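Please read these numbers as outputs of a predicted model, since none were measured by experiment.
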Amino acid sequence: MTGTDERMPAEDSGPGGYAAARLRLLTEEARSGPPRRAALAELTDDWLRGLFGAAAAGLTGVSLVAVGGYGRGELSPRSDLDLLLLHDGADTKEVAALADRLWYPVWDLGLALDHSVRTPAEARRTAGDDLKVHLGLLDARHLAGDAGLTAGLRTAVLTDWRNQAPKRLPELQELCAARAERQGELQYLLEPDLKEARGGLRDATALRAVAASWLADAPREGLADARRSLLDVRDALHLATGRATDRLSLQEQDQVAAELDLLDADTLLRQVYEAARVIAYASDVTWREVGRVLRSRAVRPRLRAMLGGNKPVTERSPLAEGVVEQDGEVVLARAARPERDPVLPLRAAAAAAQAGLPLSLHAVRRMAATTRPLPAPWPAEAREQLVTLLGSGRPTVEVWEALEAEGLISRLLPDWERVRCRPQRNAVHLWTVDRHLIETAVRASELTRRVSRPDLLLVAALLHDIGKGWPGDHSVAGEIIAKDVAVRIGFDRADVTVLSSLVRHHLLLIETATRRDLDDPATVRSVAEAVGTQSTLELLHALTEADALATGPAAWSSWRGSLVADLVRRVSAVLAGDVPGAPEPTAAPTAEQERLAIEAFRTGGPVLALRAQTEPATGAESAQEPLGVELLIAVPDQPAVLPAVAGVLAVHRLTVRTAELRALSLPDDVDDGSVLLLNWRVAAEYGSLPQAARLRADLVRALDGSLDIAGRLAERDAAYPRRRGWTAPPPRVTVAPAASHHATVIEVRAQDAPGLLHRIGMALEKAGVRVRSMHVSTLGSNAVDAFYVTTGTGAQLPAPDAASLARVLEETLRG
């Protein structure tokens with residue numbers, strides 16, 4: 001105790017003296033927070049010791065013990081007093097009389113009391129039957145009487161807890177999960193329960209219990225401060241309401257904020273959310289570690305028996321360059337060098353989200369401590385990895401939270417700091433601003449098959465409400481911020497314009513559809529003028545739906561969806577005359593392409609050139625270059641070229657970022673022949689690029705049928721464990737109407753995967769169509785491909801045949 005003015009003299013140790021001293025302490029403005037809680041606990045200790053001394057004169061084998069929050073010495077103004085009267089069982093009548101003499105003065109003051117009278121054996125037995133009792137006893141603290149009796153119980157209870165940890169900790173985890181299901185997440189609720197909601201004081205106590213088991217420990221950085229912050233808010237809530245409540249209701253938030261000298265209720269909620277986020281993240285990490293340890297204990301004896309007593313080797317499965325899976329977590333590879341690889345945090349996060357695995361705490365902290373900032377604009381790989389992360393569905397949330405817990409998100413996107421933990425005082429919204437943005441990206445990932453630029457949709461989803469951290473209209477402020485962010489991320493000027501327009505107009509469709517007369521041509525025309533192009537309209541439609549779905553159940557319905565769809569149809573009709581058909585390849589071949597084509601025709605086999613980028617890209621325009629290195633392949637025109645080339649690249653673990661195929665006629669002075677020219681951008685999945693000679697040798701074997709590509713890919717897939725990952729939206733294959741006068745255009749939108757292009761090529765080959773040209777691009781984890789196909793005679797496919805081909809191809813990719 002820091003002072004002596006609240007300590008009661010012996011003659012004033014009755015209920016009245018304690019009540020007066022308690023009131024003075026609680027109204028003393030100079031003392032608050034931990035000092036006041038400790039002083040209140042000490043004041044209460046002195047009073048109860050006085051009561052015990054007077055009531056238990058001459059009685060031995062009995063002690064008074066504080067448990068639970070009081071045992072921890074943390075008394076809020078209206079906290080319960082959790083007390084245990086411990087006795088050795090010698091004289092139960094005297095103990096019962098003592099209990100009455102202790103409990104009645106507490107009740108007379110109107111204090112809430114949680115009390116019990118037990119022997120040590122009864123206390124242990126009750127703890128074994130009731131997990132909550134066991135948790136309270138872990139914080140047992142001696143107040144008065146036989147100190148040896150209390151010490152013996154404490155030792156026995158801790159020993160029981162550690163011995164029973166493999167059984168009790170899963171029970172505790174289930175208890176925490178059930179409570180979270182009932183109470184929700186503290187970091188998002190407008191009227192949160194500071195104690196019971198996930199990330200609240202109960203979870204902080206559970207983490208102490210896990211640490212006491214010696215089985216695992218919580219990340220300690222920031223945890224004590226977060227817990228103290230929630231306790232301070234609860235103290236203020238008790239003083240403001242005069243009640244023992246843990247629910248921070250709306251009508252009391254301004255008064256609680258004033259009690260804590262905070263600016264306003266929003267500042268209060270943000271402080272609560274930040275504390276809850278620390279505790280919730282620590283809980284996730286801790287329970288994951290508990291599960292890992294328990295699994296290891298269960299498996300280790302069997303492994304040792306199988307291995308003759310040798311220590312088992314931990315499996316590490318590669319996920320991406322510098323990133324591996326180990327024990328159900330994503331960790332850094334032994335050769336990873338975060339200090340030399342600024343893209344590593346995004347690459348690791350994207351790999352984790354795609355695999356549906358958590359990022360290990362150690363990996364995130366190592367990257368946060370050592371990774372250099374990304375240059376501005378970002379390199380192409382960083383942009384691709386961000387898009388992949390955002391497009392990974394529900395696992396994105398957990399991975400994003402792991403990055404944010406260590407400050408990596410604000411380092412990547414400085415504007416994020418203004419929306420982090422920002423409350424939304426709107427009953428329609430379920431989430432804080434930052435979580436709403438991530439939820440919108442999750443929802444948008446389900447709609448990527450509907451748009452030709454899924455990367456722009458996902459980034460727009462992340463940024464659409466970024467202006468809510470600034471005064472004024474958040475759409476107007478957000479447009480400016482989105483433009484700056486898009487330039488920093490490395491999008492080109494056209495894409496920056498689209499992204500900023502999407503953020504500026506993200507409410508346009510829903511507000512117009514629900515508040516304006518759609519039969520008025522001026523209404524539709526004004527929307528068309530604001531949107532500008534069909535592709536932007538397509539993106540805005542998907543963003544509108546994702547935004548509404550991420551807001552809450554009241555923000556979207558089939559009725560609202562039909563109104564928006566009707567508006568989109570009308571606007572699309574206005575814009576239709578300005579949208580050209582899909583372009584066909586008309587560029588003249590370069591000198592190198594022509595040289596490769598002539599060599600391929602004369603040798604009768606494939607010729608290729610693999611050109612790695614030798615200098616880092618600099619400047620905003622250079623950063624727009626497609627990711628990877630250029631691979632040029634010329635092959636005499638023959639069947640099955642596409643699946644052969646795509647299969648060889650997949651076997652060599654080369655990811656296709658962009659690809660073009662076209663038939664190239666030879667110069668008249670060479671011969672009357674045709675060569676297929678393939679211009680690809682590829683990147684090594686991990687490791688270095690293979691040698692060009694090796695690629696050519698395998699391509700020759702693939703074309704003559706001596707290389708079993710399907711078998712090689714199947715063997716490789718079988719060598720790695722299947723991960724639950726994220727369930728991507730199903731592939732979508734459509735026929736683009738009137739896109740070409742010379743060929744039928746088949747559009748494929750699917751989740752990128754090793755061997756995807758090989759499977760598409762095989763399906764097209766099996767269907768007996770000829771690929772006249774193609775345009776393939778990978779945007780994050782989304783493949784957006786267009787194939788110009790003809791019949792064997794070079795004609796367009798009849799409409800029924802084209803529709804049938806699209807269905808067959810979609811079924812093939814679903815299988």
Problem set entry | Gln691 atom CD, over 12 foreign heavy atoms within 6.0 Å | no
For this session: Show your reasoning for whether side-chain contact (heavy atoms from CB on, under 4.5 Å) applies to Leu499 and Val459.
Result: CA-CA 8 Å; Leu499 281 169; Val459 174; 4.1 Å; yes
Problem set entry | Any donor-acceptor N/O pair, Glu765 side chain to Ala640 backbone, under 3.5 Å | yes
Exercise. Looking only at atom types and distance, does a side-chain atom of Arg759 sit under 3.5 Å from a main-chain N or O of Thr812, one as donor and one as acceptor?
Worked result: yes
For this session: Step through the shown structure and confirm whether more than 12 heavy atoms of other residues, nucleotides or ligands are within 6.0 Å of CZ on Arg712.
Result: no
Exercise. Should Asp341 and Arg372 count as an ion pair when the cut-off is N to O under 4.0 Å?
Worked result: no
Exercise. Between Pro729 and Arg449, which heavy-atom pair has the shortest distance, and what is it?
Worked result: O-NH2, 3.4 Å
Problem set entry | Side-chain ion pair, Glu810 and Arg814, N-O less than 4.0 Å | yes
Exercise. Looking at Asp415 and Arg488, does any basic side-chain N land under 4.0 Å from a carboxylate oxygen?
Worked result: yes
For this session: Provide the closest heavy-atom pair for Ala336 versus Gly322 in the form atom of the first, atom of the second, distance.
Result: CB-O, 3.6 Å
For this session: For Arg411 and Ala368, indicate whether the former's side chain and the latter's backbone hold a donor-acceptor pair under 3.5 Å.
Result: yes
Exercise. Looking at CG of Leu344 and CG of Leu332, how far apart are the two atoms once the value is rounded to the nearest 0.5 Å?
Worked result: 5.5 Å
Problem set entry | Donor-acceptor contact below 3.5 Å, side chain Ser392 vs main chain Thr388 | yes
Seminar exercise, completed: Heavy-atom nearest pair, Ala333 first then Val324, reads CB-CG1, 4.0 Å
Exercise. Is there a donor-acceptor pair closer than 3.5 Å between any side-chain N or O of Ser777 and the backbone N or O of Thr658?
Worked result: no
For this session: Mark yes or no for whether Ser500, through its side chain, and Val496, through its backbone, hold a donor-acceptor pair below 3.5 Å.
Result: yes
Exercise. When you look at Arg383 and Glu381, which way does the salt bridge (charged side-chain N to carboxylate O under 4.0 Å, His left out) test go after all the steps?
Worked result: CA-CA 5 Å; Arg383 187 172 66 255; Glu381 186 198 357; over 6 Å; no
For this session: Go through the steps for Val645 and Val641 under the test side-chain contact (heavy atoms from CB on, under 4.5 Å), then give the verdict.
Result: CA-CA 6 Å; Val645 174; Val641 169; 4.1 Å; yes
For this session: Determine yes or no for a side-chain-to-main-chain donor-acceptor pair under 3.5 angstrom, with His464 supplying the side chain and Ala461 the backbone.
Result: yes
Exercise. Are Arg347 and Glu321 close enough for a salt bridge, meaning some N to O gap below 4.0 Å?
Worked result: no
For this session: Please answer whether the main-chain N or O of Leu797 pairs with a side-chain N or O of Thr744 as donor and acceptor at a distance below 3.5 Å.
Result: yes
For this session: Dump the intermediate steps for side-chain contact (heavy atoms from CB on, under 4.5 Å) on Trp378 and Val343, then the final yes or no.
Result: CA-CA 9 Å; Trp378 290 7; Val343 182; over 6 Å; no
For this session: Could you grab the distance from atom CG of Leu779 to atom CG of Leu456, nearest 0.5 Å is fine?
Result: 8.0 Å
Exercise. Short question: side chain of Gln796, backbone of Ala743 - any donor-acceptor pair under 3.5 Å?
Worked result: yes
Exercise. Below 4.0 angstrom, N of the basic side chain to O of the carboxylate: do Arg662 and Glu660 qualify?
Worked result: no
Problem set entry | Pair Arg770 + Asp637: basic N to acidic O under 4.0 Å | yes
Seminar exercise, completed: Of Val648, Leu654, Asp698, the one forming a side chain to side chain contact (heavy atoms under 4.5 Å, CB included) with Pro690 is Leu654
For this session: Taking all heavy atoms of Val387 and all of Leu458, pick out the closest pair and write down the distance.
Result: O-CD1, 3.7 Å
Exercise. For the atom pair CG (Asn782) and OG1 (Thr448), what is the distance rounded to the nearest 0.5 Å?
Worked result: 4.0 Å
Exercise. Counting only N and O atoms by type, is there a donor-acceptor contact under 3.5 Å from the side chain of Glu398 to the main-chain atoms of Pro395?
Worked result: no
Exercise. Judged by modelled atom types alone, do Trp416 and Glu404 share a side-chain donor-acceptor pair under 3.5 Å?
Worked result: yes
